[in-house]
Number of protein chains: 2
Amino acid sequence: MLNHMVEQSPRLDAVFHALADPTRRAMLGQLAERELTIGELATPFSMSFAGASKHVRVLENAGLVTRTIQGRTHLCRLQAARLAEANAWLRRYERFWNEKLDTLEALLRAEDEAAAEKSKTLKE
Amino acid sequence: MLNHMVEQSPRLDAVFHALADPTRRAMLGQLAERELTIGELATPFSMSFAGASKHVRVLENAGLVTRTIQGRTHLCRLQAARLAEANAWLRRYERFWNEKLDTLEALLRAEDEAAAEKSKTLKE
DNA sequence: CTGATTGTCAACCAAATGGTTTAACTTCTT
DNA sequence: AAGAAGTTAAACCATTTGGTTGACAATCAG
């Protein structure tokens, strides 16, 4: 069941925020093929090293990228676990875009309401 | 294969940005159960009507919510198609979290180090 | 008509974002 | 030792964000 309370998840905040920028999504796309340095990540976007560095920092804070310092270069590597978490969150809404499950959903909701009413009478 | 070009998708920008806020994610959770008015969306968060109205606007701009004006009340309904789009984007990376299970382990290790460094600021 | 309810709009605020530039620090090369 | 290369840090800037308040418009109830 979807959460009634305020959803408190700084991790999801950071992941979705990181994904909300097209440059960062493109960087992840690049990193899906091979590990890249900050400079290699910067050049395709005609962006300063410092700018790219900031984006990588955001991806790192979201847990989407890890960094290995090799001499003076910083090798960045994709970490997909957090993408899986975001995917898991989204899939909770899958029934809303999958019509096949509509009847099952209605059935489960009826059961939930019955259970809620039962607990209410027990409380009185 | 994942895209080499700069990913240009204002829709994904808007969807991921909308999902990056915990209040908005919670609002979607509420709307997954039934349609709600602006006021009904505002009260659980002890937030002003205007504040909730702004969040709903963001969700609307992202295509995640549609609104039906009934008299003086605005009924909001979840629209899941854009969530499906975001899900589709994430699934392009599915092989990265299916192939390697130790990715999570590496991530947790990196996270522990980051947490140790940030524990001061995280403690309110 | 008189109020109360529902919601938007505009103005404002502090904080964060995405970007730059300049300076500095390492590390590698010669 | 000198200099080039890779990266970060700091300062700065314009814009956006998430939130508030107060005024206003529309609708409903008496």
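In what follows, every heavy atom counts, from backbone to side chain, and hydrogens, waters and symmetry copies are set aside. Keep in mind it's a predicted model, so treat the numbers as computed, not measured. Letters go in sequence order (proteins before strands), and every chain restarts at 1.
- The residue A:T73 sits close only to the backbone: its heavy atoms come under 4.0 Å of sugar-phosphate atoms, none of a base.
- When all heavy atoms of B:V15 and B:A62 are compared, the closest pair comes out as CG2-O, 3.5 Å.
- Between A:L75 atom CG and D:dG6 atom C1' the separation is 12 Å, expressed in whole Å.
- The side chain to side chain contact (heavy atoms under 4.5 Å, CB included) test with B:E35 singles out one residue from B:L75, B:L78, B:T66, and that residue is B:L75.
- The CZ-P distance, from A:F16 to D:dT17, rounds to 17 Å in whole Å.
- Listed here is the closest heavy atom pair of B:T73 and B:T37: CB-CG2, 4.1 Å.
- Whole-Å rounding puts the B:F49 CZ to C:dT5 C1' distance at 8 Å.
- Taking hydrophobic clusters as Ile, Leu, Val, Met, Phe, Trp and Tyr residues chained together by side-chain heavy-atom distances below 4.5 Å, B:F96 shares a cluster with A:L83.
- When the side-chain nitrogen and oxygen atoms of B:R57 are compared with OP1 and OP2 of C:dC9, one or more of them lie within a distance under 4.0 Å.
- Summary of the strand contacts: A:G51 and B:A50 both lie near DNA chain C, and taking for each the nucleotide with the nearest heavy atom, the more 5' one is attributed to B:A50.
- B:G39 comes within 4.0 angstrom of the backbone, heavy atoms only, and of no base.
- Side-chain N/O atoms of B:R72 and base N/O atoms of C:dT5 include a donor-acceptor pair closer than 3.5 Å.
- Comparing D:dG19, C:dG18, D:dT7 by their closest approach to the side chain of A:H17 singles out C:dG18.
- The distance between atom CD of B:Q70 and atom P of C:dT6, rounded to the nearest whole Å, is 14 Å.
- The nearest whole Å value for the distance from the NE2 atom in A:H55 to the P atom in C:dT17 is 12 Å.
- OP1 or OP2 of C:dT8 has at least one side-chain nitrogen or oxygen of B:H74 nearer than 4.0 Å.
- Using a 4.0 Å heavy-atom cutoff across all strands shown, B:A52 reaches no nucleic acid atom at all.
- Between the CE atom of B:M27 and the C1' atom of D:dG19 there is a distance of 12 Å, given to the nearest Å.
- B:E60 has its CD atom 13 Å from the P atom of C:dG7, to the nearest Å.
- Closest to the side chain of B:S53, from the set C:dT8, D:dT20, C:dT21, is C:dT8.
- Contact annotation: A:R24 reaches the phosphate of C:dG18 (side-chain N/O to OP1 or OP2, under 4.0 Å).
- Rounding to whole angstrom units, NZ of residue A:K54 and P of D:dC13 are separated by 14 Å.
- Taking 4.0 angstrom as the limit, A:T37 places none of its side-chain polar atoms (N or O) nearer than this to OP1 or OP2 of D:dG6.
- Between A:L19 atom CG and B:D13 atom CG the span is 10.5 Å, to the nearest 0.5 Å.
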